[in-house]
Amino acid sequence: MPNSKKVYELLLQNGFTESTVRQVIYESEYHSFDLGVQYVPDALQWLFRAE
């Protein structure tokens, strides 16, 4: 998670805006594919939103 926060901050510092890059961190006590995959539909909706 610390690396993803660094990447997010670097993107914002280099021309991306909060409307062109998004980071959502879901708190969990463990890393799980099954837990993470439930967030894929939200990510896809954000990526392919109509403008």
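Numbering starts at 1 and runs along the sequence shown. These numbers were taken from a predicted model, which means no experiment stands behind them.
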Next item on the list: Output all residues satisfying side chain to side chain contact (heavy atoms under 4.5 Å, CB included) with V7, sequence neighbours left out; order by chain, then residue number.
Entry: L11
Checklist line | Atom pair NZ (K5) and CD1 (I25), whose distance is rounded to the nearest 0.5 Å | finding: 4.5 Å
Notebook entry, point to check: Partners of E29 by side chain to side chain contact (heavy atoms under 4.5 Å, CB included), sequence neighbours excluded?
Noted result: none
For residues 37-44, which side-chain N or O atoms pair as donor and acceptor with protein atoms under 3.5 Å away, sequence neighbours left out?
residue	atom	partner	partner atom	Å
Q38	NE2	L35	O	3.2

Check: Quick one: does Q23's side chain get under 4.5 Å of V21's, heavy atoms only?
Finding: no
Note to self: Using 0.5 Å steps for rounding, measure from the CD atom of E9 to the CD atom of Q13.
What the structure shows: 6.5 Å
Note to self: Quick one, T17 and L12 - any side-chain contact, counting heavy atoms below 4.5 Å?
What the structure shows: no
Margin query: With clusters defined by side-chain heavy atoms of hydrophobic residues (ILVMFWY) lying less than 4.5 Å apart, directly or transitively, does W46 cluster with F48?
Written below: yes
Item checked: Nearest heavy atoms of E18 and Y8, plus distance in Å -> CG-OH, 4.0 Å
